[in-house]
Amino acid sequence: MRELLSAKNKNSNSIKIDKNTIRNGYIFARLVALSEGFHLIKMASDIYKWQINISDLAKIWKGGCIIRSDMLNSIISGLESHGHEDHLFSIPSFSKLMSSLEGEAYQLLSELAITNVSTPALSASITYYKSLKTKYLPTNMIQAQRDYFGAHTYRRLDNISATYHTDWRK
């Protein structure tokens, strides 16, 4: 924790990160990981007809020795009242909680990006969260790369019915 609170950037200038920002960024990343895990289990249960009750699963985890987390209490209550949802992010109370933590997670990631602190879990959780909230994913960049390297053409968002090719050398 001390290392995070007084991380140094390449110029050896200390960067002060508020404890609450670290805490809330960490909580955000954990909640995203739990949400993704529950979502994967629910989808597999639906596909393979396992009939796993996600709320009951959370209760089992709560009583276990590894994931004994108070975070599961809010997840359990959300699942019990909105068990039909495919993802925790679709539950209003959970969505509101995630929105309240999102800004500090972004702030923490941006502060740590200029230090020598590696943040793979935080970075991945923010990317996963953003990908579920955004209308457009970066597939247009993949199309542009394919067009650049192999003249495969691409579609633009302003005219989805037409295909385009760009001479990328000009």
Side-chain angles (χ1 to χ4, degrees), residues 3-18 21-50 52 54 57 67 71 75 78 82 84-92 94-170:
E3 292 82 14
L4 288 176
L5 290 172
S6 62
K8 295 185 182 244
N9 65 14
K10 292 178 183 177
N11 298 324
S12 295
N13 297 323
S14 289
I15 297 171
K16 299 293 182 190
I17 303 171
D18 180 77
T21 301
I22 295 170
R23 179 183 171 277
N24 290 338
Y26 171 73
I27 290 170
F28 177 89
R30 285 212 37 218
L31 289 172
V32 168
L34 285 168
S35 300
E36 185 177 11
F38 280 118
H39 178 68
L40 290 171
I41 292 168
K42 181 168 182 3
M43 293 298 101
S45 177
D46 291 350
I47 290 168
Y48 298 109
K49 312 277 189 257
W50 291 338
I52 294 174
I54 301 299
L57 179 64
I67 310 180
M71 284 182 187
I75 290 171
H82 295 88
H84 61 281
E85 297 292 348
D86 283 341
H87 204 291
L88 291 176
F89 294 164
S90 301
I91 297 172
F94 196 82
S95 178
K96 184 178 178 182
L97 173 62
M98 295 305 294
S99 292
S100 73
L101 298 169
E102 179 181 11
E104 287 185 286
Y106 292 160
Q107 181 183 350
L108 178 60
L109 182 62
S110 66
E111 290 288 333
L112 293 175
I114 58 175
T115 69
N116 292 325
V117 178
S118 178
T119 60
L122 179 61
S123 300
S125 67
I126 288 172
T127 300
Y128 176 78
Y129 183 73
K130 286 167 74 172
S131 72
L132 293 179
K133 287 181 51 175
T134 187
K135 187 175 179 180
Y136 300 107
L137 294 172
T139 51
N140 57 346
M141 289 300 296
I142 295 167
Q143 286 184 326
Q145 288 173 341
R146 290 181 67 231
D147 187 58
Y148 176 82
F149 291 110
H152 292 281
T153 70
Y154 57 94
R155 296 183 189 271
R156 292 187 347 201
L157 296 175
D158 62 344
N159 186 2
I160 199 80
S161 61
T163 57
Y164 298 89
H165 169 66
T166 299
D167 183 352
W168 297 94
R169 293 171 289 181
K170 291 184 181 180

- prompt: Is the side chain of S123 donor-acceptor paired with the backbone N or O of P120 at a distance under 3.5 Å, no angle test?
  reply: no
- prompt: How far apart are the closest heavy atoms of Y128 and H39, and which atoms are they?
  reply: OH-CD2, 4.3 Å
message: Just verifying a value: how many Å separate L40 CG and M43 CE, rounded to the nearest 0.5 Å?
response: 9.0 Å
- request: Search all heavy atoms of A162 against all heavy atoms of R155 and return the closest pair with its distance.
  value: O-CG, 3.6 Å
- request: With side chain to side chain donor-acceptor pair (under 3.5 Å) as the test, would you mind laying out the steps for Y129 and S35 before giving the verdict?
  value: CA-CA 10 Å; Y129 183 73; S35 300; over 6 Å; no
field: Atom pair CG (L88) and CG (L97), whose distance is rounded to the nearest 0.5 Å
entry: 10.5 Å
message: For a quick check under 3.5 Å, do N159 and Y164 share a side-chain donor-acceptor pair by atom type?
response: yes
field: M98 to L31 - nearest heavy-atom pair and separation
entry: SD-CB, 3.7 Å
Would you tabulate the side-chain donor-acceptor contacts of residues 102-110 under 3.5 Å, counting partners in other chains and residues two or more places apart, or write 'none'?
residue: E102; atom: OE1; partner: K133; partner atom: NZ; Å: 3.0
residue: E102; atom: OE2; partner: Y106; partner atom: OH; Å: 2.8
residue: E102; atom: OE2; partner: K133; partner atom: NZ; Å: 3.2
residue: E104; atom: OE1; partner: N24; partner atom: ND2; Å: 2.5
residue: S110; atom: OG; partner: Y106; partner atom: O; Å: 3.3
residue: S110; atom: OG; partner: Q107; partner atom: O; Å: 2.9

task: Can you measure from CD (E111) to CG (D18) and round to the nearest 0.5 angstrom?
output: 10.5 Å
Ring geometry between H87 and F89 (parallel below 30°, tilted from 30 to 60°, perpendicular above 60°): tilted
- request: Could you tell me how the ring of W168 sits relative to the ring of Y148: parallel (under 30°), tilted (30 to 60°) or perpendicular (over 60°)?
  value: perpendicular
- prompt: Do the side chain of T163 and the main chain of T153 share a donor and acceptor less than 3.5 angstrom apart?
  reply: no
query: Between S99 and S95, is there a donor-acceptor pair closer than 3.5 Å when you use the side chain of the first and the backbone of the second?
result: yes
